[in-house]
Protein chains: 2
Amino acid sequence: MPADPLSATFFALADPTRRAILARLAQGDASVKELAQPHEMSLAAVSKHLKVLESAKLISRGREAQWRPCHLEPEPLRDLNAWLESFRQFWDRNLDGLATYLQTLQQNAKKPGE
Amino acid sequence: MPADPLSATFFALADPTRRAILARLAQGDASVKELAQPHEMSLAAVSKHLKVLESAKLISRGREAQWRPCHLEPEPLRDLNAWLESFRQFWDRNLDGLATYLQTLQQNAKKPGE
DNA sequence: CTTGTATTAAACCGATAGGTTATCAACCAT
DNA sequence: ATGGTTGATAACCTATCGGTTTAATACAAG
């Protein structure tokens with residue numbers, strides 16, 4: 001699992017099983033068994049996925065007797081949004097007017113050199 | 001490189017070098033050599049990173065004589081935003097009013113079972 | 001204290017990430 | 001033709017991923 005937080009977040013999200021787990025947790029906390037149930041893999045495998053999500057701080061876990069309920073944590077998603085935000089002018093069609101204007105400015109600033 | 005597009009996107013972004021390359025491309029197209037210059041690794045390594053970015057469709061490449069100028073492509077970032085959007089109620093503090101209301105609704109819908 | 005349940009840990013395995021160096025291919029300029 | 005430059009590819013290496021199976025742990029209930 002990558003060292004820097006943003007890489008850890010992206011890494012954790014680069015797996016469909018882990019994203020499915022997050023989607024499930026978006027509807028409320030859940031136990032490991034509960035989270036594993038929809039997936040065709042061993043409980044141990046899911047446990048590992050949870051470890052990845054936890055180390056990326058995308059989830060936290062409580063204790064209730066022998067259960068370790070998982071809870072979705074918002075902070076890394078906020079950071080992800082902030083990163084994405086820094087590219088917004090490139091993908092947000094609603095910013096087309098300003099964006100394409102800035103783009104052409106940049107392109108023209110480069111062209112003279114060629 | 002993962003098969004499904006969203007995983008491929010997250011995977012490609014889970015590396016600081018690749019994110020740095022994208023950040024550079026946000027300021028305009030660039031050649032491979034230009035992209036490699038700030039990084040302490042071989043050109044071949046950067047070429048591999050570009051291959052990953054390209055296979056995730058985060059960049060496209062043109063041809064100009066012996067140069068293969070790289071260009072940032074917005075679509076996967078849009079998809080990423082759409083994914084993030086589906087979790088917005090969990091991380092966007094500006095939606096606190098509605099979100100926490102919905103949250104408590106969900107929690108209360110679960111509680112009776114315990 | 002034994003048994004059942006929930007979860008983690010350990011050891012293992014095949015595949016692949018991410019780097020290296022060396023070679024190859026395409027193109028431009030003499 | 002012969003180089004120089006740009007870039008991709010191949011072969012290789014080590015570390016890690018994502019799964020397995022098999023224990024080990026923690027707790028609750030008889």
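Note: hydrogens, waters and symmetry copies are ignored here, and every other heavy atom, side chains too, is used. Throughout, protein chains are lettered first and strands after them, A, B, ... in sequence-line order, and every chain is numbered starting at 1.
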Check ion pair A:R24-A:D29 (N to O, under 4.0 angstrom):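 So A:R24 does not pair with A:D29 through a salt bridge.
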From the list [options], which nucleotide is the closest neighbour of the side chain of [X]?
| X | options | result |
| --- | --- | --- |
| A:V32 | C:dT7, D:dG7, C:dG19 | C:dT7 |
| A:K33 | D:dT21, C:dT8, C:dT7 | C:dT7 |
| B:S31 | D:dT9, D:dG7, C:dT8 | D:dG7 |
| B:M41 | C:dT8, D:dA8, C:dG19 | C:dG19 |

[X] side chain near [Y] side chain, heavy-atom distance below 4.5 Å:
| X | Y | result |
| --- | --- | --- |
| A:I21 | A:V46 | yes |
| B:S7 | A:R19 | yes |
| B:W91 | B:L84 | yes |

Pair listing, side chain to side chain donor-acceptor pair (under 3.5 Å) test, anchored in residues 73-87 of chain A, at least two apart: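 Of all non-adjacent pairs touching residues 73-87 of chain A, those that pass side chain to side chain donor-acceptor pair (under 3.5 Å) are A:S60-A:E73, A:E75-A:R78, A:E85-A:R88.
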Atom pair distance, as rounded to whole Å: [atom1] in [X] and [atom2] in [N]:
| X | N | atom1 | atom2 | answer |
| --- | --- | --- | --- | --- |
| A:R68 | D:dC27 | CZ | P | 10 Å |
| B:K48 | D:dA8 | NZ | P | 13 Å |
| B:E54 | D:dT9 | CD | C1' | 14 Å |
| B:H39 | C:dG19 | NE2 | P | 10 Å |
| B:M1 | C:dA15 | CE | C1' | 13 Å |
| A:Q66 | C:dT3 | CD | C1' | 13 Å |
| A:K51 | D:dG18 | NZ | P | 13 Å |
| A:L43 | D:dA24 | CG | P | 19 Å |

Sugar-phosphate only, base, or nothing, as touched by B:R63 at under 4.0 Å among non-hydrogen atoms: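 It contacts nothing in the nucleic acid.
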Distance test, side-chain N/O of B:S42 to OP1/OP2 of C:dG19, below 4.0 Å: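 Checking B:S42 against C:dG19: no side-chain N or O falls below 4.0 Å of OP1 or OP2.
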Phosphate contact (C:dT7 OP1 or OP2) by A:S47 side-chain N/O below 4.0 Å: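 Checking A:S47 against C:dT7: no side-chain N or O falls below 4.0 Å of OP1 or OP2.
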Near-strand residues of residues 8-20 of chain A, defined as heavy-atom separation under 4.0 angstrom from DNA chain C: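 Of all residues in residues 8-20 of chain A, none places a heavy atom under 4.0 Å from DNA chain C.
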Rounded distance [0.5 Å steps], CG in B:L53 versus CG in B:L25: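 B:L53 CG to B:L25 CG: 8.0 Å, rounded to 0.5 Å.
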B:W67 backbone acceptor or donor facing B:R61 side chain under 3.5 Å: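 Such a contact is absent between B:R61 side chain and B:W67 backbone.
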Residue whose nearest DNA chain C nucleotide is more 5′ - A:W67 or A:A44: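 That would be A:W67.
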